[in-house]
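As C-alpha cells, the structure follows; a few thoughts come after it.
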Amino acid sequence: VQLQASGGGLVQAGGLLRLSCTASERTFSTYTIGWFRQAPGKEREFVAAISWSMVNTEYADSVKGRFTISRDNVKNTVYLQMNSLKPEDTAIYYCAASNERIATMAYEYAYWGQGTLVTVSS
C-alpha cells in the first residue's frame, strides 16, 4: 500500500495542525495505521496508532491529551489532530501501515509514506 502524508507546516506554540495519511488502495482500511516522527539528530519515535476497526488506539505518553488519531475508511484517510503544540513536537511526521492488530514499534510496520514536516515555533 502506498501512503501519502500531508498537512504539515509552521505553527506557533500552542497552535494546532491536522495531519492526513491517505492511500488509493481499498486495502488501506484493513491496516493498522501509525504515526511516527523524527526530529533532527534524534531517532524515529512512535506517536499514535489506530487499528483498522478503530476499536484500538495507542498514544505516546508525550502526546496523550494533546493529539487524537482517527480514521475514515470510506475516504481511505487517517487523521492526526495535534493541539497545544510545543516546540519539541517539531519533526518530520511519517504515517505507516501494519498488519498487526495494533502496533507501536517501527519494525511492526511494513509500509511507510514520505514524511511531512511540522515546525512549532516558540
Side-chain angles (χ1 to χ4, degrees):
V1 59
Q2 292 187 332
L3 304 172
Q4 178 81 27
S6 62
L10 173 63
V11 63
Q12 289 187 334
L16 56 88
L17 280 175
R18 188 177 76 162
L19 305 184
S20 298
C21 177
T22 60
S24 59
E25 294 89 343
R26 294 174 60 185
T27 55
F28 178 84
S29 64
T30 66
Y31 291 97
T32 284
I33 300 298
W35 286 96
F36 290 76
R37 66 186 182 187
Q38 187 166 18
K42 295 187 177 181
E43 294 187 353
R44 189 172 299 190
E45 64 174 359
F46 169 76
V47 176
I50 186 166
S51 62
W52 70 269
S53 64
M54 297 176 265
V55 170
N56 303 104
T57 58
E58 291 284 347
Y59 294 92
D61 288 343
S62 58
V63 306
K64 280 182 181 176
R66 300 188 298 123
F67 291 11
T68 302
I69 190 169
S70 62
R71 70 189 297 163
D72 184 335
N73 286 337
V74 173
K75 295 182 178 179
N76 274 7
T77 303
V78 169
Y79 303 99
L80 184 67
Q81 179 66 47
M82 307 186 296
N83 298 333
S84 302
L85 283 162
K86 304 175 181 180
E88 50 264 43
D89 293 318
T90 295
I92 298 174
Y93 283 71
Y94 301 87
C95 62
S98 171
N99 288 307
E100 301 293 331
R101 180 179 61 84
I102 193 70
T104 63
M105 306 299 291
Y107 70 80
E108 296 178 291
Y109 288 82
Y111 307 99
W112 292 80
Q114 93 300 346
T116 185
L117 176 63
V118 172
T119 304
V120 184
S121 63
S122 57

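Values reported hereafter were calculated over all heavy atoms of this structure, with side chains retained and with hydrogens, waters and symmetry mates removed. One is the number of the first residue; the rest follow in order along the sequence.
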Counting only pairs under 3.5 Å, give me each side-chain donor-acceptor contact of residues 113-122, with atom names and distances, residues two or more places apart or in other chains.
{"unit_1": "Gln114", "atom_1": "NE2", "unit_2": "Ala5", "atom_2": "O", "d": "2.8"}
{"unit_1": "Thr116", "atom_1": "OG1", "unit_2": "Gly8", "atom_2": "N", "d": "3.0"}

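Looking at Gln2, its side chain never comes within 3.5 Å of a backbone N or O of Ser24 through a donor-acceptor pair. Side chain of Asp72 to main chain of Thr77: no donor-acceptor pair is present (N/O by atom type, distance under 3.5 Å, no hydrogens or angles). Without hydrogens or angle criteria, Arg71 side chain to Thr32 main chain gives no donor-acceptor distance under 3.5 Å. Side-chain atoms of Tyr109 never come within 3.5 Å of backbone atoms of Trp35 as a donor-acceptor pair (strictly under, hydrogens ignored).
Rounded to the nearest 0.5 angstrom, Ile33 CD1 and Met54 CE are separated by 12.0 Å. Distance check: Asn99 CG to Tyr111 OH gives 6.5 Å after rounding to the nearest 0.5 Å. With rounding to the nearest 0.5 angstrom, the OG1 atom of Thr90 is 10.0 Å from the NZ atom of Lys42. To the nearest 0.5 Å, atoms CZ (Arg66) and CG (Leu85) are separated by 6.5 Å. Rounded to the nearest 0.5 Å, atoms CD1 (Ile69) and CD (Gln81) are 12.0 Å apart.
With no hydrogens or angles considered, no side-chain donor-acceptor pair links Glu58 and Asn56 at under 3.5 Å.
Between Phe67 and Tyr93, the ring planes are tilted. Angles from 30° to 60° get that label. Ring orientation note: the planes of Trp112 and Phe36 are tilted relative to one another, at an angle of 30° to 60°.
Using a 4.5 Å heavy-atom threshold, the side chains of Val78 and Phe28 count as touching. Residues Val63 and Met82 have side chains not in contact (no heavy-atom distance under 4.5 Å, counting atoms from C-beta outward). For the pair Arg37/Ser62, a side-chain contact is recorded, criterion being any heavy-atom separation below 4.5 Å from C-beta on.
Smallest separation of non-hydrogen atoms from Ala49 and Ala103: CB-O, 3.4 Å. Closest approach of Gly7 to Leu17, counting heavy atoms only: O-CD2, 3.9 Å.
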Next item on the list: Test side chain to side chain contact (heavy atoms under 4.5 Å, CB included) on Ile50 and Thr57 and set out the steps.
Entry: CA-CA 4 Å; Ile50 186 166; Thr57 58; 3.8 Å; yes
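Residues Ile92 and Leu19 do not share a hydrophobic cluster, defined by chaining ILVMFWY side chains whose heavy atoms lie under 4.5 Å apart.
Between Asp61 and Lys64 a salt bridge is recorded (basic side-chain N to carboxylate O distance below 4.0 Å).
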